[in-house]
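All values reported here derive from a predicted model rather than from experimental measurement. Counting starts at 1 for both ligands and their atoms, following the listed order.
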Amino acid sequence: MADVMIAPSILGCDQGNLSEEALKLQQAGADMIHLDVMDGVFVPVLTMGAGIAESISRKVDIPVDAHLMVQRPSGLIQAFVDAGCSYVTVHAEVAPHLDRLLAQIRSAGARAGVAVNPSTPVDFLRWVAPAVDLVLIMMVNPGYGGQKHMGYLHGKISESRSILDSNGGKNALISVDGGVTDVNARQLVSAGADILVSGSFITVSADPAAAIEKLR
Ligand code: DX5
Ligand code: ZN
C-alpha cells in the first residue's frame, strides 16, 4: 500500500478558514488537497468558487484537485486552472461532449479528470481513455460528506483500470471518493485505486496525521 496518495477533502472543515485548514492537512501528511466544488444545481449544496481555490492553492505546496460537481463546468474550467488547480475533474453525467471538455481542461493547463456517479457505467472510458488523466469513482452519491460507503461499487475500480489499460489510458490515475476509511482503504488499493479521497474520516478525527497514516 506504500504508493497510494491520500487526498483529504476539506468539505467538512471550517469554511471560513479553508486555506489554513488545507495547510494543516498538508502538514499532517496529505499528498493532495481535494476541493469539492458544488453549484446547488447538479447537487443541492453550494460550496466554493475559484477565488477560494486560489487562496488554498497559494497556501499549500501539494497539488490541488478540483472536483466540479456542477451542471455546466465548461465556463468554470479556466478559472480553476488559473487558481492553481493541478487536476480539474468534471462529471460524466453532465457532459454530452466529454471528449471536448477533457481536451478543454488539458489545453487550459491542468490534468483532465472525469467523475462517475454510483449508477453511471464506466464502459464509456473505452472511448475517451487517451484524453483522461484521472478517473474519480464515486462511492456515494455526490453532495454531502459523511455518507455510507457503497462497497458493492468496488468492481468499477478494476473494470476502469482494465478499460483504460487496453485503450491508451495506461497513465490515467484512479481516484475513489466517498466514505473512504481505514476499514475499506486496503480493499480499494488492492482493487487498483491510486488516490484515496477522504473527508470526514480525516477531518473529524482528533489526529488527522494518524488518520492519514491509517489509510496508507
Ligand atoms: C461527496 C464529495 C466527497 C466527500 C468526501 O459529494 O465529493 O469528496 O465529501 O467526504 P467523506 O469521506 O466524508 O465521504
Ligand atoms: Zn469529492
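Nearest heavy-atom pair across Leu18 and Cys13 is CD2-CB, 4.0 Å.
The Zn ion (ligand 2) has His34 NE2, Asp36 OD1, His67 ND1, Asp177 OD2 as its protein N, O or S neighbours under 2.8 Å.
At a cut-off of 3.5 Å, with distance as the only test, no side-chain donor of Asp36 or Thr47 sits close to an acceptor on the other residue.
Remark: side-chain polar atoms of Asp133 are paired, donor with acceptor, to backbone N or O of Ala112 under 3.5 angstrom. Using a distance-only test at 3.5 Å, with no hydrogens or angles considered, no donor-acceptor pair links the side chain of Gln147 to the main chain of Gly143. Between the Asn167 side chain and the Leu164 main chain, no donor and acceptor come within less than 3.5 Å of each other. In this structure, the side chain of Ser198 engages the main chain of Val180 through a donor-acceptor pair within 3.5 Å. For the pair Asn117 (side chain) and Asn141 (backbone), a donor-acceptor distance under 3.5 Å is absent.
A salt bridge is defined here as a Lys NZ or Arg NE, NH1 or NH2 lying under 4.0 Å from an Asp or Glu carboxylate O, and Asp182 with Arg216 fails to meet this definition.
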Pairs under 3.5 Å, nitrogen or oxygen of ligand 1 with protein nitrogen or oxygen:
unit_1   : atom_1 : unit_2 : atom_2 : d
ligand 1 : 6 (O)  : Gly143 : N      : 2.7
ligand 1 : 7 (O)  : Asp36  : OD1    : 2.9
ligand 1 : 7 (O)  : His67  : ND1    : 3.3
ligand 1 : 7 (O)  : Asp177 : OD2    : 3.0
ligand 1 : 8 (O)  : Asp36  : OD1    : 3.1
ligand 1 : 8 (O)  : Asp36  : OD2    : 2.8
ligand 1 : 8 (O)  : Asp177 : OD1    : 2.7
ligand 1 : 8 (O)  : Asp177 : OD2    : 3.0
ligand 1 : 12 (O) : Gly199 : N      : 2.8
ligand 1 : 13 (O) : Gly146 : N      : 2.8
ligand 1 : 13 (O) : Ser200 : N      : 3.0
ligand 1 : 13 (O) : Ser200 : OG     : 2.6
ligand 1 : 14 (O) : Gly179 : N      : 2.9

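Counted within 6.0 Å of CG on Asn171, heavy atoms from surrounding residues, nucleotides or ligands total 12 or fewer; the atom is thus considered open.
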